[in-house]
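Notes for the one structure printed next.
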Amino acid sequence: MTQFPYGGDWAGEAHTPSDGMQAARIVNRVTMAGWALLALGIVLLAVIDLMPHDRWWPLLSWCAIAAVILVPTLQSTAANWRAWLMEPIATLAIAFLVYYVVGAAVFAYYDEHPLVIARMEVTEATHPRLLKSCAACSIGFGIAVLGYRVAVWFPGSAFLQRSCTLLLGCSRPNCAIAFLAVGGLGQLAVFVLWVLELTSPVLQTVSLASQLALAGIVLAMWDRPVKRVPFTALAAVGIALFSASAGVLYLSKQAVAKPIMAIVLGLGLRGSGVLRGLALVSIPMTVAIGLGTFVSSARLESRAAGDSPASTIAGISEVVSGGAQASSLPLTRLHYTSTQAAIMRLYDEGERGQDIAMIPWLLVPRVLAPQKPLITSSGERVHEAITGHIGSSDSPGTFVEGYFNLGWPGLVMASLLTGIVLGQFALISRRLPAEHCWLLFPLVLLGHFVAVRVDGHVLSDVIAPWIYLWVLLGLLLFVSSLVRTTTKVSHG
């Protein structure tokens, strides 16, 4: 069994077996799945040339085997959400299953649809290239699991394990109220800036502060008030509805899905059970998939009209009224395999990504350098490299983006880094139940966000959150030390 330093049960609730034991079981199952997928990827690479070049069954066979490998992990995760919350590697396994396994199979299902045929032509995604991208993802997942297991020996990990004991204590209800207040004001500020079409170097800081509302929503929905009116939960629902509604106007699937996921997560943490867990998970997934076609079509209409708040509302109205043509199929929003195949082909033909040169800019706040390059533009560069056009974005996922920059060594480094980063976030989430240091709860959620965004970009979705981890932790430690010093002086 895994011998990680689990801190105890969430919220002091007694469970048999304990949450820590179940979390260890989840890690062990993900580890076994990682080794199996690593072997599967290596075997697939070796036999690609022996596979037929005009049939879908080799890709569907890989999807079926990968799904069978990952199902035990899904079952363990759904059974106990408190144990799952300790281990973001379980979220990585679920995201891998959805994006890279189900998403790959979706294209085979829609293989005769005009939109799928057009996508295959644009990306030049032949069957061998699709299989190579599947093999790369399998290998990447296995290496990420390895990184997760060795993260405890990475520099700074010992400090992260002690961080909960160094901060001021804060009860779960009080932290929920604080996160909702700060995050709610941040959500409102972002909306006002969007309406007024104002851009500012502090916008990124305000956007980050607004994400604290998610932590507040989870904690508020987790609570079970018995003898009092659940004012905090009602406020959480109100903020979630505002945030999701604003997300529709921003034409951002993430902005809509996140508050819904926060409510679902808070409710899921109240109890356990596989069927209950799967039922709750299906809610935000259905919302995200259903929004895919709507958002894509509305974006096209909005950009054609000027890409302003007024044009966005006009584009949404056009799509709702049925006047806009669908630009994608709902389930194809889960598909990344053709993009990965195109990126790997471009690298093999001599084209390289530019992400390595952008890494130093991550350490420079935009407030100090307003003209610094946009870190989140990786998707636009990928889209331009594939299609030769600008105005949209594509993501190959964090594993294959490493390949686009440095080939197979880049894939190994990006995958290993992803696992190490998730492992360092887990060092906090494992200790938090015993220490009850709820001030760090946003970092627990951030670790799971990194795992969910395995379909994203290394810079903005892995390295940047890693930096946020240390900056926020340093800020909290400084404030805690300052408060303790002031208290000692006042009592001295």
Side-chain angles (χ1 to χ4, degrees), residues 38 41-42 44-46 48-49 96 99-100 103-104 119-144 146-147 335-364 366 369 371-421 450 453-467:
L38 177 61
I42 294 173
L44 183 57
L45 272 183
I48 283 178
D49 292 336
F96 182 92
Y99 297 138
Y100 298 154
R119 182 64 181 175
M120 293 281 285
E121 291 176 351
V122 168
T123 57
E124 300 181 31
T126 62
H127 288 269
R129 289 170 180 164
L130 291 173
L131 289 175
K132 183 179 179 180
S133 68
C134 290
C137 290
S138 284
I139 294 171
F141 182 80
I143 296 173
L146 173 64
H335 176 80
Y336 294 86
T337 313
S338 61
T339 300
Q340 293 164 346
I343 283 298
M344 297 181 77
R345 171 183 58 81
L346 288 173
Y347 179 87
D348 294 340
E349 292 175 354
E351 191 163 347
R352 303 289 187 271
Q354 305 171 14
D355 297 287
I356 294 177
M358 300 281 286
I359 292 177
W361 286 107
L362 287 170
L363 303 174
V364 181
R366 190 167 295 277
Q371 303 303 319
K372 84 170 188 177
L374 190 61
I375 302 300
T376 55
S377 62
S378 298
E380 297 173 2
R381 294 194 296 271
V382 169
H383 179 79
E384 184 178 2
I386 294 174
T387 66
H389 303 291
I390 59 176
S392 187
S393 64
D394 281 304
S395 173
T398 54
F399 302 153
V400 176
E401 192 169 64
Y403 186 100
F404 187 42
N405 283 270
L406 290 173
W408 286 110
L411 182 140
V412 171
M413 287 189 288
S415 304
L416 192 63
L417 179 63
T418 299
I420 290 173
V421 169
V450 172
R453 292 297 292 153
V454 69
D455 68 323
H457 304 278
V458 177
L459 287 181
S460 58
D461 298 312
V462 177
I463 300 179
W466 196 18
I467 294 174

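Computed over heavy atoms, backbone and side chain alike; hydrogens, waters and symmetry mates excluded.
Annotation: side chain of Leu146 is not in contact with side chain of Leu38 (no heavy-atom distance under 4.5 Å). Put simply, the side chain of Leu44 does not reach to within 4.5 Å of the side chain of Ser138, judged on heavy atoms. Here the side chains of Trp408 and Met344 are in contact, with some heavy-atom distance below 4.5 Å.
Distance alone, capped at 3.5 Å, places no donor-acceptor pair between the Thr339 side chain and the Ser395 backbone. Tyr100 contributes a side-chain N or O that, together with a main-chain N or O of Val454, makes up a donor-acceptor pair within less than 3.5 Å. Checked by atom type and distance alone, the side chain of Glu401 pairs as donor or acceptor with a backbone atom of Val458 at under 3.5 Å. With Asn405 contributing its side chain and Asp355 its backbone, the two residues share a donor-acceptor pair below 3.5 Å.
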Please walk me through it: do Arg352 and Tyr347 pass side-chain contact (heavy atoms from CB on, under 4.5 Å)? CA-CA 6 Å; Arg352 303 289 187 271; Tyr347 179 87; 3.1 Å; yes

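Note that the OG atom of Ser415 and the CD1 atom of Ile420 stand 11.0 Å from one another [nearest 0.5 Å]. Separating the CG atom in Leu417 from the CD1 atom in Ile463 is a distance of 5.5 Å, to the nearest 0.5 Å. Between the CG atom in Asp394 and the NE2 atom in His457 there is a gap of 8.5 Å [rounded to 0.5 Å]. Atom NE2 of residue His335 and atom CD of residue Gln340 lie 8.0 Å apart, to the nearest 0.5 angstrom. Between the OG1 atom in Thr418 and the CD1 atom in Ile143 there is a gap of 10.5 Å [rounded to 0.5 Å].
Shown here for Phe141 and Phe96, the closest heavy-atom pair between the two residues is CB-CE1, 3.8 Å. Here the shortest heavy-atom pairing between Thr337 and Ala104 reads OG1-CB, 3.3 Å. Of all non-hydrogen atoms in Val421 and Val450, the two that sit nearest each other are CG1-CG1, 4.4 Å. The nearest pair of heavy atoms linking Gly147 to Leu416 is CA-CD1, 3.6 Å. A pairwise comparison of heavy atoms in Leu45 and Ala135 identifies CG-CB, 3.7 Å as the closest pair. In this structure, Ala414 and Gly402 approach most closely via the heavy-atom pair CB-CA, 3.8 Å.
The pair Asp348-Lys132 counts as a salt bridge, with a side-chain nitrogen and a carboxylate oxygen less than 4.0 angstrom apart.
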